[in-house]
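Every chain is numbered from 1 and lettered A, B, ... according to where its sequence line falls, protein lines coming before strand lines. Everything quoted here is computed from the prediction, not taken from an experiment.
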Number of protein chains: 2
Amino acid sequence: MKIADKHSKILQASIKVFAQKGFYNARISEIAQEANVADGTIYLYFNNKYDILITIFEEEIGKIIAKVKQELANVEDPAEKLYKFALIHLNIVEENQDLAEIIQVELRQSSKFIKEYRNKKFAEYLNIISQIVRQGQAAGVFRQDVMPGIFKRAFFGALDEMSRFWLLSSKKKYTVNLAARQISDFFLQGIARQVPGRTSALNDDSSVSPKLFSDVVTV
Amino acid sequence: MKIADKHSKILQASIKVFAQKGFYNARISEIAQEANVADGTIYLYFNNKYDILITIFEEEIGKIIAKVKQELANVEDPAEKLYKFALIHLNIVEENQDLAEIIQVELRQSSKFIKEYRNKKFAEYLNIISQIVRQGQAAGVFRQDVMPGIFKRAFFGALDEMSRFWLLSSKKKYTVNLAARQISDFFLQGIARQVPGRTSALNDDSSVSPKLFSDVVTV
DNA sequence: ACGAAATTACTGAATATGCATTCAGTAATT
DNA sequence: AATTACTGAATGCATATTCAGTAATTTCGT
């Protein structure tokens with residue numbers, strides 16, 4: 001058996017066990033058992049338990065970002081790009097549930113080091129979204145008063161919460177397609193009923209959005 | 001010193017320490033020190049370390065839900081209600097950062113028991129949002145094809161991600177007001193530029209939303 | 001009003017346990 | 001024969017929890 005085999009066997013086992021039990025409640029002996037190796041063998045491939053978690057993150061997150069970027073490359077229309085992003089994201093989560101669980105839950109409450117590391121990679125991911133927004137604004141199809149820095153978080157957060165819900169409730173009420181469609185549509189169209197002859201129902205009521213976006217602090 | 005005093009002193013200390021170090025890296029001795037009691041005293045008020053976490057959740061989450069409901073009670077317009085929800089939510093997070101950190105991070109990866117318990121309370125919170133949507137649909141001001149079950153998660157997720165960002169980066173780029181305004185506006189109006197005479201830019205391009213929301217699986 | 005006895009509250013060093021990590025020994029490969 | 005890969009029982013440490021002892025508070029008889 002080649003080295004690469006055990007390395008990845010242990011990693012895969014770890015992803016499974018960490019996702020199931022959580023990092024702190026996962027036992028090295030469980031991972032060893034799951035990977036069909038001795039406890040000690042794990043330490044030939046990883047420095048310690050924490051190192052396994054970091055490696056999972058390092059080796060897997062890059063793949064995801066690359067995949068999303070690649071799949072979006074040949075989509076032109078900003079609105080469709082946003083929808084595609086949602087669709088791809090949700091599909092990845094669905095196909096990598098254990099990994100998604102770890103990234104969503106375990107990596108959040110880790111050491112300062114891994115947290116910062118996570119955030120760096122994460123920022124890269126979020127910036128895919130803000131780039132789409134800027135592109136849409138430049139093309140004149142998205143509103144100019146939208147702040148990409150807020151939008152990217154709102155949009156990602158919506159997807160993230162939706163997928164968290166999936167991870168919890170195994171039996172899904174909605175398809176990935178429907179969720180991606182609705183969520184991207186919320187953000188593109190809004191939920192306010194479009195009254196013919198007016199741009200939106202909201203504009204009816206000046207008390208609701210008195211001076212929209214006038215309270216910026218910093219850029 | 002009254003009993004109630006120590007109970008809440010220990011709880012407050014725990015919130016602080018858990019938020020700072022994470023549940024698993026928090027030491028009982030640290031909490032004791034922070035609360036100015038002996039290690040053993042903690043066990044006169046709580047069964048074990050985990051019990052403290054559960055109690056934090058039990059005693060604090062109810063207050064929050066009650067506060068939000070109460071503050072929304074006298075708002076009528078659904079659109080404004082949505083904005084108010086965002087504003088109140090973000091303000092609560094801002095004013096209870098340690099607690100927010102714990103609810104967001106620590107309670108996620110806990111035992112099955114606490115997870116389920118969290119989800120129950122959490123569902124109650126989310127349903128405030130879907131109620132607003134249904135109210136708006138009944139009043140004819142929100143689109144009928146919006147699914148409240150998806151919307152509530154998307155909307156909450158957007159707020160949650162925004163506040164997570166705040167918890168991480170101490171120096172804030174945006175005010176709570178601005179974020180609440182933008183996020184509720186994304187969802188109400190969308191970001192697609194409103195072209196006069198048309199209901200939205202999206203309707204321009206039939207390829208983007210071919211058969212919107214036609215792939216429902218279950219209700 | 002006072003002190004003694006009883007009750008209740010608190011302390012923190014000692015205990016016990018659980019588990020990550022090590023390493024002397026064995027097996028497989030070159 | 002030498003090198004490399006693996007094993008899993010033994011080690012050692014960290015820390016949640018306990019509990020014998022001390023302090024504070026309350027009760028109650030004179």
Given atom CD1 of B:I42 and atom C1' of D:dT18, what is their separation to the nearest angstrom? 14 Å
By side-chain contact (heavy atoms from CB on, under 4.5 Å), A:A86 pairs with (sequence neighbours left out) A:F155, A:L159, A:A180
Heavy-atom neighbours of A:K81 NZ exceed 12 at 6.0 Å: yes
Under-4.0 Å side-chain N/O to phosphate OP1/OP2 contact, B:Y45 with C:dC10: yes
Checking D:dC6, C:dT22, C:dC10 against the side chain of B:T41 (C-beta onward), the nearest is C:dC10
Qualifying residues under side-chain hydrogen bond (donor to acceptor under 3.5 Å, both in side chains), relative to A:K16, sequence neighbours excluded: A:E34
Does a side-chain N or O from B:K6 land closer than 4.0 Å to OP1 or OP2 of C:dA9, or not? no
Residues that B:K49 engages under side-chain hydrogen bond (donor to acceptor under 3.5 Å, both in side chains), provided they are two or more places apart: none
Calculate the interatomic distance between A:K49 atom NZ and C:dA20 atom P; express it in whole Å. 5 Å
With respect to the side chain of A:N48, which nucleotide from C:dT11, C:dT21, D:dT17 is positioned closest? C:dT21
Which is true for B:L44 with a 4.0 Å heavy-atom rule: it touches a base, it touches only sugar-phosphate, or it touches nothing? base
Between CG of A:N47 and P of C:dT21 the distance, given in whole Å, is 9 Å
Length of the CD1-C1' vector between A:I52 and C:dT21, whole Å: 12 Å
Kindly state whether the ring of B:F156 and the ring of B:F122 have centres lying under 6.0 angstrom apart. yes
In whole angstrom, what separates B:Q33's CD from C:dC10's C1'? 17 Å
Report the secondary structure of DNA chain C in dot-bracket form, marking unpaired bases with a dot and bases paired to a different strand with |, and treating Watson-Crick or G-U pairs with both distances under 3.5 Å as paired. ||||||||||||||||||||||||||||||
Is any side-chain N or O of A:R27 closer than 4.0 Å to OP1 or OP2 of C:dA20? yes
Gap between atoms CD1 and P, on A:I28 and D:dG8 respectively (whole Å): 16 Å
List for me each residue that meets side-chain hydrogen bond (donor to acceptor under 3.5 Å, both in side chains) alongside A:Y125, sequence neighbours excluded, and say none if there are none. A:H89
Send over the distance from A:I31 CD1 to C:dT21 C1', rounded to a whole Å. 13 Å
Those residues that, when tested against A:T41, pass side-chain hydrogen bond (donor to acceptor under 3.5 Å, both in side chains) (two or more places apart): none
Over how many whole Å does the gap from B:Y24 atom OH to D:dA14 atom C1' extend? 16 Å
